Colleague: 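Got a structure for you, written out below as structure tokens; questions coming shortly.
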Amino acid sequence: MAFTARQIADYIQGKIEGDENITINTFAKIEEGIPGAISFLSNPKYTHYIYETKSSIVLINDDVVLEKPVAATLIRVKNAYESIAKLLQLYQATLPRKKEISEMASISSKAKIGNNCYIGAFAYIGDNVTIGDDTQIYPHAVIDDGVKIGNHCTIYPNVTIYKDCKLGNNVTIHAGCVIGADGFGFAPNTEGYDKIPQIGIVEIEDDVEIGANSCVDRSTMGRTIIHKGVKLDNLVQIAHNVEVGENTVMSAQSGVAGSTKIGRWCMFGGQVGISGHITIGDKTFLGAQSGVPGNIKGNVTLIGTPPTDPKLYFKSIAITHKLPEIYKQLNELQKQVEELKALNNKE
């Protein structure tokens with residue numbers, strides 16, 4: 001399907017510079033542009049590509065100042081990255097969705113399947129499962145007894161959702177995720193450890209997306225809850241009884257220990273580690289590899305272990321790199337002090 005620059009500009013409320021009738025039918029990175037493609041420029045590091053790209057249309061921010069003419073038709077918008085996301089969502093919505101239920105799927109007679117659902121080969125749907133309309137369950141997914149899944153959800157291959165867990169609408173769970181496995185609960189005794197049964201559930205609200213091979217553990221009692229709009233990257237671990245606030249995002253390999261409460265609109269970089277039984281306030285931004293041992297009030301940007309102000313953190317790192325030189329200077333000063341003491345004792 002082809003779209004003109006005018007149609008695109010009207011949809012994203014942009015201003016055209018160039019041929020408003022030029023058409024595109026695909027997307028391309030600006031450095032890999034081809035005729036008939038639309039690209040975008042949001043990172044200043046890629047500005048030089050706009051002068052040589054072969055893409056027919058390029059989205060750019062309103063405040064970009066170009067040094068020379070470009071061949072592509074430009075559409076200026078407030079936020080090029082946000083605008084290309086809207087166009088990609090529109091494109092994805094036009095793609096056909098599978099709706100058939102495979103004869104090779106194992107579906108309990110006690111399960112309730114909504115309208116226009118897709119269930120792939122070798123998927124397992126247990127007793128008393130409820131699946132909403134327009135939901136897609138890909139091959140080899142396991143939906144255990146009593147699970148409730150809302151409308152317009154996508155459960156990719158090899159996902160396992162344990163018994164009684166609840167998913168809202170528009171939830172996407174990528175391949176290899178495990179939702180509702182036991183939390184890490186063991187009580188030490190004289191001979192080893194006693195297993196603490198994990199009898200709670202996981203509840204995932206609307207518009208949540210969880211990346212491949214991530215795990216959200218069921219609670220000891222009550223629920224582990226992922227609130228509306230949360231986005232988790234690949235390989236993220238959410239432990240038992242954790243609560244993640246609305247629209248919080250976590251990058252790959254982040255981990256949250258048990259019973260921690262995380263606020264709304266937080267952003268965690270890769271490999272952030274959060275200890276258990278603490279509270280992280282709203283709008284907390286943590287740099288990659290931060291380690292958090294205690295509560296954070298929120299509305300703050302931190303990095304490091306323990307987390308600190310980024311300016312102080314990078315000053316500390318700069319000093320750390322100078323430690324060998326400082327150590328050498330201290331040894332020389334110590335020798336000079338010893339020599340002065342020796343001279344003073346002779347006098």
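None of the values given here were measured: they were computed from a predicted structure.
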Colleague: Distance-only, no hydrogens or angles: does the Ser56 side chain make a donor-acceptor pair with backbone N or O of Ile22 under 3.5 Å?
Modeller: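 Looks like no, no N/O pair under 3.5 Å.
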Colleague: Side chains of Tyr118 and Arg97, heavy atoms from C-beta outward: is any pair under 4.5 Å?
Modeller: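 With C-beta onward as the side chain, the pair stays apart.
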Colleague: Could you measure the distance from the CD1 atom of Ile24 to the OG1 atom of Thr4? Nearest 0.5 Å is fine.
Modeller: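 Answer rounded to 0.5 Å: 9.0 Å.
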Colleague: With side chains defined as the heavy atoms from C-beta onward, is the minimum distance between Ile280 and Phe268 less than 4.5 Å?
Modeller: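 SC-SC contact between Ile280 and Phe268 confirmed.
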Colleague: Taking CD in Glu338 as the centre, count heavy atoms belonging to other residues, nucleotides or ligands within less than 6.0 Å. Is the count above 12?
Modeller: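 Above 12, so yes.
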Colleague: Measure the shortest side-chain to side-chain distance between Asp145 and Val129 over non-hydrogen atoms and say whether it is less than 4.5 angstrom.
Modeller: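 No - every pair of side-chain heavy atoms lies 4.5 Å or more apart.
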Colleague: If I take atom OG from residue Ser219 and atom CD from residue Gln198, how far apart are they, to the nearest 0.5 angstrom?
Modeller: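 So the gap between those two atoms works out to 7.5 Å.
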Colleague: Run the numbers on Asn247 and Val230 for side chain to side chain contact (heavy atoms under 4.5 Å, CB included), then give the verdict.
Modeller: CA-CA 4 Å; Asn247 298 308; Val230 168; over 6 Å; no
Colleague: Give a yes or no on whether Val236 and Val178 share a hydrophobic cluster (residues Ile, Leu, Val, Met, Phe, Trp, Tyr; joining criterion: side-chain heavy atoms under 4.5 Å apart).
Modeller: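 The answer is no; the residues belong to distinct hydrophobic clusters.
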Colleague: With heavy-atom distances below 4.5 Å as the criterion, would you say the side chains of Leu74 and Ile50 are in contact?
Modeller: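 Answer yes - side chains close enough.
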Colleague: Shared ILVMFWY cluster between Ile16 and Val64, side chains joined below 4.5 angstrom?
Modeller: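 Not linked; separate clusters.
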Colleague: May I ask you to check whether Gln237 and Asp217 show a side-chain donor-acceptor distance below 3.5 Å?
Modeller: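 Yes.
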Colleague: Does Glu100, at its CD atom, have more than 12 non-hydrogen atoms belonging to other residues, nucleotides or ligands within less than 6.0 Å?
Modeller: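 Atom CD in Glu100 is packed in, count exceeds 12.
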Colleague: So, does Arg218 use its side chain to make a donor-acceptor pair with the main chain of Lys163 at under 3.5 Å?
Modeller: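 Yes, because the side chain of Arg218 sits within donor-acceptor range (under 3.5 Å) of the backbone of Lys163.
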Colleague: Compute whether any side-chain donor of one residue and acceptor of the other, for Asp127 and Ser108, lie under 3.5 angstrom apart.
Modeller: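 There is such a pair (donor and acceptor under 3.5 Å, judged by atom type) between the side chains of Asp127 and Ser108.
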Colleague: Should Lys261 and Glu243 count as an ion pair when the cut-off is N to O under 4.0 Å?
Modeller: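 A salt bridge is present here (some side-chain N lies under 4.0 Å from a carboxylate O).
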Colleague: Look at the side chain of Thr53 and the backbone N and O of Ile30, then say whether any donor-acceptor pair between them is shorter than 3.5 Å.
Modeller: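 Checking the backbone N and O of Ile30 against the side chain of Thr53, a donor-acceptor pair under 3.5 Å is found.
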Colleague: Show me the pairs that pass ring pair (Phe, Tyr, Trp, His ring centres under 6.0 Å) and involve residues 160-201, at least two apart or across chains.
Modeller: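 As it turns out, the ring pair (Phe, Tyr, Trp, His ring centres under 6.0 Å) pairs with a partner in residues 160-201, which skip direct neighbours, are Tyr156-His174, Phe184-Phe186.
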Colleague: For the backbone of Gly120 and the side chain of Ser102, can you confirm whether one donor and one acceptor N or O come within less than 3.5 Å of each other?
Modeller: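 Absent.
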Colleague: Following the transitive rule for hydrophobic clusters with a side-chain heavy-atom cut-off under 4.5 Å over Ile, Leu, Val, Met, Phe, Trp and Tyr, establish whether Ile101 and Ile137 coincide in one cluster.
Modeller: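 They do share one cluster, since a chain of ILVMFWY contacts under 4.5 Å joins Ile101 to Ile137.
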Colleague: Run Phe40 and Val77 through side chain to side chain contact (heavy atoms under 4.5 Å, CB included) and show every step you take.
Modeller: CA-CA 10 Å; Phe40 75 102; Val77 290; over 6 Å; no
Colleague: Quick check: does any side chain N or O of Ser251 sit under 3.5 Å from a backbone N or O of Gly269, one acting as donor and the other as acceptor?
Modeller: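 Not a single qualifying donor-acceptor pair exists.
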Colleague: Which heavy atom in Pro307 sits nearest to a heavy atom in Val292, and how many Å separate them?
Modeller: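 For Pro307 and Val292, the tightest heavy-atom pair comes out as CG-CG2, 3.7 Å.
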Colleague: As an exercise, state the distance from NE2 of His152 to CD of Gln136, rounded to the nearest 0.5 Å.
Modeller: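 If I round to the nearest 0.5 Å, the distance is 11.0 Å.
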Colleague: Other residues, nucleotides and ligands only: do more than 12 of their heavy atoms fall within 6.0 Å of CZ on Phe27?
Modeller: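 Enclosed.
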Colleague: With sequence neighbours excluded, give me every ring pair (Phe, Tyr, Trp, His ring centres under 6.0 Å) pair touching residues 283-316.
Modeller: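 Listed once each, the pairs would be none.
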Colleague: Of Ile179, Thr172, Leu167, which is the lone residue that meets side chain to side chain contact (heavy atoms under 4.5 Å, CB included) with Ile155?
Modeller: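 Answer to the side chain to side chain contact (heavy atoms under 4.5 Å, CB included) test with Ile155 among Ile179, Thr172, Leu167: Leu167.
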Colleague: Should Asp182 and Lys195 count as an ion pair when the cut-off is N to O under 4.0 Å?
Modeller: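 Answer for the salt bridge query: yes.
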Colleague: Going by the side chain to side chain contact (heavy atoms under 4.5 Å, CB included) test, name the single residue among Val208, Val171, Ile262 that passes it with Ile226.
Modeller: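 So, applying the side chain to side chain contact (heavy atoms under 4.5 Å, CB included) to Ile226 and each of Val208, Val171, Ile262, only Val208 qualifies.
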Colleague: Do Leu235 and Met250 share a hydrophobic cluster (ILVMFWY, side-chain heavy atoms under 4.5 Å, transitive)?
Modeller: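 Unlinked, Leu235 and Met250 end up in two clusters.
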Colleague: Set out, in order, the CA-CA distance, both residues' side-chain angles and the distance that settles side chain to side chain contact (heavy atoms under 4.5 Å, CB included) for Val256 and Val244, then state yes or no.
Modeller: CA-CA 10 Å; Val256 183; Val244 181; 5.7 Å; no
Colleague: With Glu246, which residues qualify under side-chain hydrogen bond (donor to acceptor under 3.5 Å, both in side chains), at least two apart?
Modeller: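 Testing Glu246 for side-chain hydrogen bond (donor to acceptor under 3.5 Å, both in side chains), a comparison that skips the adjacent residues, returns none.
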Colleague: Does the Asn79 side chain pair with the main chain of Glu82, one donor and one acceptor, at a distance under 3.5 Å?
Modeller: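 Yes; judged by distance alone, with no hydrogens or angles, the pair exists.
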Colleague: Evaluate side chain to side chain contact (heavy atoms under 4.5 Å, CB included) for Leu302 paired with Thr308, printing each intermediate quantity in order.
Modeller: CA-CA 5 Å; Leu302 302 170; Thr308 187; 5.6 Å; no
Colleague: Could you tell me whether the side chain of Arg76 and the main chain of Asp62 form a donor-acceptor pair under 3.5 Å?
Modeller: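 The answer is yes, because a donor-acceptor pair under 3.5 Å joins these two groups.
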Colleague: Within the 4.5 Å heavy-atom criterion, are Leu333 and Gln336 side-chain neighbours or not?
Modeller: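 A side-chain contact under 4.5 Å exists here.
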Colleague: Going from CG on Leu59 to CD1 on Ile84, what distance comes out if it is rounded to the nearest 0.5 angstrom?
Modeller: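 Between Leu59 CG and Ile84 CD1, I get 4.5 Å after rounding to 0.5 Å.
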Colleague: Below 4.5 Å, heavy atoms only, C-beta onward: do Lys166 and Ile201 meet side chain to side chain?
Modeller: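 Sidechains of Ile201 and Lys166: in contact.
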Colleague: Please determine whether residues Ile225 and Met221 belong to a single hydrophobic cluster, defined as Ile, Leu, Val, Met, Phe, Trp and Tyr linked transitively by side-chain heavy-atom distances below 4.5 Å.
Modeller: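 Ile225 and Met221: separate clusters.
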Colleague: Cut-off 3.5 Å, side chains only: do Thr220 and His240 have a donor facing an acceptor?
Modeller: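 Short answer, yes.
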Colleague: Is Tyr91 atom OH crowded by more than 12 heavy atoms from other residues, nucleotides or ligands, each under 6.0 Å away?
Modeller: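 Atom OH in Tyr91 is not crowded, with 12 or fewer foreign heavy atoms closer than 6.0 Å.
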Colleague: Can you give me the closest heavy-atom contact between Ala2 and Thr23, atom names plus distance?
Modeller: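 Nearest heavy atoms, Ala2 then Thr23: CB-CB, 4.4 Å.
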Colleague: Run the salt-bridge test on Asp282 and Arg264 with the 4.0 Å N-O cut-off and return the result as yes or no.
Modeller: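 A salt bridge is present here (some side-chain N lies under 4.0 Å from a carboxylate O).
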Colleague: Any donor and acceptor pair, going by atom type alone, linking the side chain of Asp133 with main-chain N or O of Asn115 inside 3.5 Å?
Modeller: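 It does hold such a pair.
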Colleague: For Tyr11 and Phe3, I'd like to know if the aromatic rings sit close, meaning centre-to-centre distance below 6.0 Å.
Modeller: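 Between Tyr11 and Phe3, the centre distance exceeds or equals 6.0 Å.
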Colleague: For Gly304 and Ser290, work out which heavy atoms get closest and say how close.
Modeller: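 Where Gly304 meets Ser290 most closely, the heavy atoms are N-OG, 3.2 Å.
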Colleague: Within this structure, what is the OH-CG distance for the pair Tyr49 and Leu41, rounded to the nearest 0.5 Å?
Modeller: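 One finds 11.5 Å between OH of Tyr49 and CG of Leu41.
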Colleague: If you compare all heavy atoms of Ala257 against all heavy atoms of Ser275, which two are closest, and at what distance to 0.1 Å?
Modeller: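 Heavy atoms only, the tightest pair is CB-C, 3.6 Å.
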Colleague: Output yes when a side-chain donor or acceptor of Asn213 lies under 3.5 Å from a complementary backbone atom of Asn234, and no otherwise.
Modeller: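 Side chain of Asn213 to backbone of Asn234, a donor-acceptor pair under 3.5 Å: no, none is there.
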Colleague: To the nearest 0.5 Å, how far apart are OG in Ser109 and CD1 in Ile125?
Modeller: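 Reported to 0.5 Å precision, the distance equals 13.0 Å.
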Colleague: Any side-chain to backbone donor/acceptor pair from Lys231 onto Asp207? Under 3.5 Å, distance only.
Modeller: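 Flag set: sc Lys231 to bb Asp207 pair under 3.5 Å.
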Colleague: For Ile210, which of Leu232, Asp233, Ile238 qualifies under side chain to side chain contact (heavy atoms under 4.5 Å, CB included)?
Modeller: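 Passing option: Leu232.
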Colleague: Quick check: do Ile75 and Ile12 have side-chain heavy atoms less than 4.5 Å from each other?
Modeller: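 Yes. Closest side-chain heavy atoms under 4.5 Å.
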Colleague: So do the side chains of Val142 and Ile161 get within less than 4.5 Å of each other, counting heavy atoms only?
Modeller: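 Not touching, per the 4.5 Å side-chain cut-off.
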Colleague: Between Lys335 and Glu332, does any NZ, NE, NH1 or NH2 come within less than 4.0 Å of an OD or OE carboxylate oxygen?
Modeller: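 No, no charged N to carboxylate O under 4.0 Å.
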Colleague: One thing to verify: whether Glu20 and Arg6 come together as a salt bridge, which I'm taking to mean a side-chain N less than 4.0 angstrom from a carboxylate O.
Modeller: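 Looking at Glu20 together with Arg6, the answer is yes, because their closest N to O distance falls below 4.0 Å.
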